[in-house]
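Convention: sequence-line order gives letters A, B, ...; per-chain numbering from 1.
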Number of protein chains: 2
Amino acid sequence: MPAPVTAPPRAPGRPRSARAEQAIQEAAIDLFVEQGFDAMSMEGVAARAGVGKTTIYRRWDSKEDLVMDAVGVCQLNTVVDPDTGSLREDLVRVLTAFQQTVRNTPLGHVFPRMVAEVAQGSDLGRLYASRMIEPRRRMLLSIVQRGVGRGELPLGADMELSLELIMGPVILRRLFGNAPARGNIARCGRHVDVVLAGLRDLGGR
Amino acid sequence: MPAPVTAPPRAPGRPRSARAEQAIQEAAIDLFVEQGFDAMSMEGVAARAGVGKTTIYRRWDSKEDLVMDAVGVCQLNTVVDPDTGSLREDLVRVLTAFQQTVRNTPLGHVFPRMVAEVAQGSDLGRLYASRMIEPRRRMLLSIVQRGVGRGELPLGADMELSLELIMGPVILRRLFGNAPARGNIARCGRHVDVVLAGLRDLGGR
DNA sequence: CCTATGCGATACGCAGCCGTTGCGTAACTA
DNA sequence: TAGTTACGCAACGGCTGCGTATCGCATAGG
């Protein structure tokens, strides 16, 4: 009889602490968000995680490795296409969700940092663009295309411009807005209405 | 008889080289754009400017002083309100000018870096926001308000949202766009048309 | 008990940068 | 010519951070 499939092929010696691993990743994200890649330090990560530096370097080869991996783990946060059957409803939901995420979660706190990384074209920026921005962009695109298919937007509508009109204002508000999200969610509805009205009037040329 | 007003009250000794001063500021901007504030070094500035470090520290007290001043000097670049009498024409001109500036001038190269600084709330970011963003924001606001005054937009139009719809897409394109400004200028016209149509339809609520 | 591995803590070598100082030279005035 | 100031260069002290090494203890299986 074969050993059970779930049998853990135990290595000898003391096993690595899963708890330490998680604490390190959380500390890394925290410090990256607060200080950025350059300003944060491995000593700081170790201190905040309550861990020796050795324990970090046993798992990751370098600071870059650690941060890339920790940022990657954040992306469990999946994209959900609401697909309500209404273009307006889909867009409002996506925008309010984005607004919420980008304001009140660690994922959102990293956002301005990452914008700079992306614009600069660093490795970290490319990773973030491919795993965070691109999937959301594709989702938004398919939402709008479904709307075109249902006749909610004219056939010739400029997709590029449409996406920019949808996301631009929200991102702008996150980057430069000093107001603390006061009434922003209510504004999403008006925002979507204005964009859709404009695209319906002139989208087909 | 008074001395001529233009008389240079010459100090004794060798005068400071205006050329070195300019070279230093240009090098500082270049390196700030390429590497950011933390990553750039005074040694690097001196090397690129073909100057000794001493010559820099004789004029500025610190790295921060130098960069703040150099960025400040960039702002000779004044904001010009086209004021053509047409809201659409004003907006298109402002957008194309912004597009041009932000793509092809040193002022624009700093932009992504500065976005991060602003979002982070650093001193440099506050300086940039107050001298670069705010004046342009005010100009744009007065353009739109003139349009409302002429009846080109309804009275109840949401100013905040209007400005975001105008600038958001262009800024988004600068930050995340990979396309090299191909046909972007032509797109400004459509962009403005769509926004104005939407605001006319639904701007008053 | 014995061996193997992980753990936190501490110290270290190495490198980079900031801002300063000293030196010999260049520019300019009186 | 004498005096004053700026210049480029090189070296330095102080600091900080990365990544490594070592130590004594903890946790596991045999």
Under a 4.0 Å heavy-atom criterion, the protein footprint on nucleotides 17-26 of chain C, written with B, S and -, is SBBBBB---B
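Ring geometry for B:F111 against A:F176 counts as tilted: the plane angle lies between 30° and 60°, on a 0 to 90° scale.
Without hydrogens or angle criteria, A:E89 side chain to A:T84 main chain gives no donor-acceptor distance under 3.5 Å. At least one donor-acceptor pair under 3.5 Å links the side chain of B:R174 to the backbone N or O of B:V102.
Not one side-chain nitrogen or oxygen of B:S17 sits closer than 4.0 Å to the OP1 or OP2 atom of D:dA6. Distances shown here put a side-chain N or O of A:R58 below 4.0 Å from the OP1 or OP2 atom of C:dC7.
Heavy-atom distances to DNA chain D give each of B:G13 and B:R59 a nearest nucleotide, and the one nearer the 5′ end belongs to B:G13. Map A:T55 and B:P15 each onto its nearest nucleotide of DNA chain C; the residue landing nearer the 5' end is A:T55.
Taking atom CH2 of A:W60 as the reference point, atom P of D:dC18 lies 15 Å away to the nearest angstrom. Taking atom CD of B:Q35 as the reference point, atom P of C:dG16 lies 14 Å away to the nearest angstrom.
Between A:Y128 and A:R113, the closest side-chain pair of non-hydrogen atoms is not below 4.5 Å.
The nucleotide whose nearest atom lies closest to any side-chain atom of B:A20 is, among C:dC7, D:dC7, D:dA28, D:dC7.
Note on A:R19: nothing from the nucleic acid sits closer than 4.0 angstrom, heavy atoms only.
In summary, B:R126 and B:D123 engage in a salt bridge, as defined by a charged side-chain N under 4.0 Å from a carboxylate O.
Environment of CZ in B:R59: crowded, with over 12 heavy atoms of neighbouring residues, nucleotides or ligands closer than 6.0 Å.
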